[in-house]
Amino acid sequence: MIRLNEISRVFTVGEEDVHALDRVTIDIAPGEYLAIMGPSGSGKSTLLNVIGLLDRPDYGEYYLDNVNTTELDDDRQAFIRRHRIGFVFQFFHLVPRLTATQNVELPLILAGVTPKERKERVKKALASMELTNRSDHRPDQLSGGQRQRVAIARAIIMEPGVILADEPTGNLDRTSGMEVMNILEGLNRKGITLIMVTHDPGLSKRAGRRIQMTDGRVSEDTGLR
Amino acid sequence: MLIAMSIGVASVIIFTSLGEGAKNYVTREFSSLGTNLLIILPGRSETTGGPPPLLGQNPRDLTLEDAIALTKSSHIRYVAPITVGSAPVSYGEKEREVIILGSTPNIFEVRQLSTAQGEFLPEGDPSKGAAMCVIGHKLKKELFGNITPLGEWVRIGDRRFRIIGVLAKKGQSLGMDMSDVVIIPVASAQALFNTSALFRVMVQASGNKSIEKAKESIIRIIRERHDNEDDITIITQDALLSTFDRILTTLTLSIAGVAAISLLVAGILIMNVMLIAVSQRRSEIGLLKSIGATNSQVLGLFLVESALLSFTGALLGIIVSFIVIWVFMRMVPAFPVTIPVWGVSAAVGIALSAGIVFGIMPARRASMLNPVDALSRR
């Protein structure tokens, strides 16, 4: 369902061209649990951004559900992001002025879902994250783990096929980090493809497949069949 | 920034209201004079619409005969010759110095006067004076209190006049307080003041369209009677009115223009606030994009925000201006300030469009943000 074919992404730093991604080719099947590892600057975040359609590759093709996304315009890409992809960030990226409910509601508003249906779906999503009694709290009234759970609720509210997590536990203590991992893995068991970028070798061992990135290339891929 | 916007809107509304008020004031003053009016002054004034020449040689007086001759023109409905003087008016013990207007019954038509009690001067040969008078409302109060003065005799100067009517209340008109006058037949006034000259002649044209023709025929008739000399000045009310109107409109518009510039400044302030908002909320914008907001959705979001900002400012401005105008009306009740709809709508319109126009740039910047850069911290 995800097929990266010879993807390259080149940044110009000063007078030098830096290959953040250098002819990366990966196939990811639906429902996979994939950990992307590598030192900083290895291109793992860029890879995640390309998969999440936040960044456009300079060369190569990216097929998502057999659609060549590299040919789509910005609005079509936004539509795919909205419906097919959920993001979980290291720094949560919740809107500080909005309550947990309103933060989770945002993607539904962008998609034009009716208020009544929005309310129901948000309630369900927050309940599945055990956040029902926190639904009217703003992010600064929540703990780190709770914030990340709100962010996950927001990521799954559109029922995406893929969740992209960029260091989801990077800003959390060990206990809430484990909690968040369990939730994400639980989602993966329900069939959602989970792609996670992490520094932590301990976390990556939990994943079914590991990809090691070095200097913009895939240097190791445990799951390649 | 909100304050700048509201000040801009408020000043536009206040200035246009004051302008409209001034216009209304002038219009009211003139229309209380009567309609389709021409005023004939003795003497030639080169500047049209200016004040009558106070000094200078007056080659020939306007006489009652001149005035009577004017009635022959078909374009003229009423002719009211006026002699003005001041004389002591006494009744019993009480005496007051008041303005005496000598005229004909036509003055009631021309100046749109009406009586509260009794009747006007009777029609008749204007060159024959009768010993009767119509007194102003205020004078009646001061001389007679609440007693009906009809039929009573008052002494004006060294003559006696019988009161046949009392004028109804009417405000100031062009500086002359019609409640503090005595109107007597023109011939009586000429005898009283021992003059044959008229102060002026007021003429009402037969219609709005015949004002010009009336003017021409007045000039022709008087020229014939004055040995082919144009020694009168004719002021038409409409000419005066339209001059005032033009001046005031120009004034109002130019002040409103200045106020509109302050609105533009407010718009630029809004742009800056929005630019700051965009840079402060980079990560929010990145987030919105990552959860699938299209560029146009982000654009719309920021446009709506700046429109709301300017709308709130405009609303505040309207409230402020209404308060200021209300206070102003309390303080100067004589000045008829009205808030013109066009002033309010123009102010709000400019405010909103300034907000939106100056919101476009920041909103575009927001929508063009690269989500990867926007999401990464710094």
Side-chain angles (χ1 to χ4, degrees), chain A residues 9 11 20 40 45-57 72-98 103-113 139 151 153-158 160 163-164 166-167 170-171, chain B residues 1-2 269-313 315 355-356 359-378:
Chain A
R9 181 77 174 97
F11 295 105
S40 34
S45 284
T46 307
L47 180 61
L48 200 72
N49 287 333
V50 168
I51 294 173
L53 293 172
L54 291 177
D55 208 351
R56 278 176 184 272
L72 298 176
D73 63 17
D74 285 354
D75 283 359
R76 291 295 307 168
Q77 289 200 350
F79 182 83
I80 292 176
R81 275 204 298 278
R82 191 191 302 156
H83 291 275
R84 304 292 307 137
I85 301 169
F87 285 93
V88 178
F89 303 98
Q90 181 180 359
F91 296 105
F92 323 131
H93 285 302
L94 300 174
V95 181
R97 295 178 304 282
L98 303 180
N103 266 295
V104 177
E105 204 176 2
L106 273 177
L108 296 173
I109 295 174
L110 290 173
V113 176
R154 181 181 62 198
I156 59 166
I157 193 75
M158 295 300 292
I163 286 185
L164 303 177
D166 191 354
E167 304 270 12
N171 231 19
Chain B
M1 188 272 324
L2 268 186
L269 284 173
I270 282 189
M271 178 165 76
N272 280 305
V273 167
M274 291 308 293
L275 281 176
I276 293 167
V278 168
S279 62
Q280 273 177 346
R281 293 193 225 148
R282 286 171 65 89
S283 70
E284 267 174 48
I285 296 162
L287 167 88
L288 282 177
K289 291 200 162 182
S290 75
I291 60 175
T294 60
N295 290 351
S296 46
Q297 276 173 322
V298 175
L299 183 84
L301 215 63
F302 277 84
L303 271 187
V304 166
E305 184 164 332
S306 56
L308 274 179
L309 271 178
S310 51
F311 185 72
T312 317
L315 218 60
I356 290 169
I360 286 176
M361 209 263 268
R364 275 188 67 84
R365 183 169 288 188
S367 73
M368 292 302 159
L369 268 184
N370 180 349
V372 177
D373 295 344
L375 279 171
S376 65
R377 292 197 136 187
R378 311 270 134 197

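Excluded from the calculations below are hydrogen atoms, water molecules and symmetry mates; all remaining heavy atoms, backbone and side chain alike, are included.
A/Asp55 pairs by the salt bridge (Lys or Arg N to Asp or Glu O under 4.0 Å) definition with A/Arg9, not counting sequence neighbours. Not counting sequence neighbours, the partners of A/Arg56 by the salt bridge (Lys or Arg N to Asp or Glu O under 4.0 Å) test are A/Asp74.
The CG atom of A/Asp75 sits 8.5 Å away from the CD atom of B/Gln297 when rounded to the nearest 0.5 Å. Rounded to the nearest 0.5 Å, atoms CG (B/Asn295) and CG (A/Asp73) are 9.5 Å apart. In this structure, OG on B/Ser290 lies 3.5 Å from CZ on A/Phe89, to the nearest 0.5 angstrom.
When all heavy atoms are compared, the tightest approach of B/Ala293 to A/Arg81 is O-NH2, 4.0 Å. Closest heavy-atom contact between A/Leu110 and B/Gly292: CD1-C, 4.2 Å. Taking both residues in full, the closest heavy atoms of B/Glu284 and A/Pro96 are given as OE2-CD, 3.7 Å, listed atom of the first, atom of the second, then distance. Across A/Leu54 and B/Asn370, no two heavy atoms sit closer than the pair O-OD1, 4.0 Å.
Under the 4.5 Å side-chain criterion, counting only non-hydrogen atoms from C-beta, A/Met158 is not in contact with B/Ile291.
When each of A/Gln77, A/Arg82, A/Arg76, A/Gln90 is scored by its heavy-atom pairs under 4.5 Å with chain B, the top score falls to A/Arg82.
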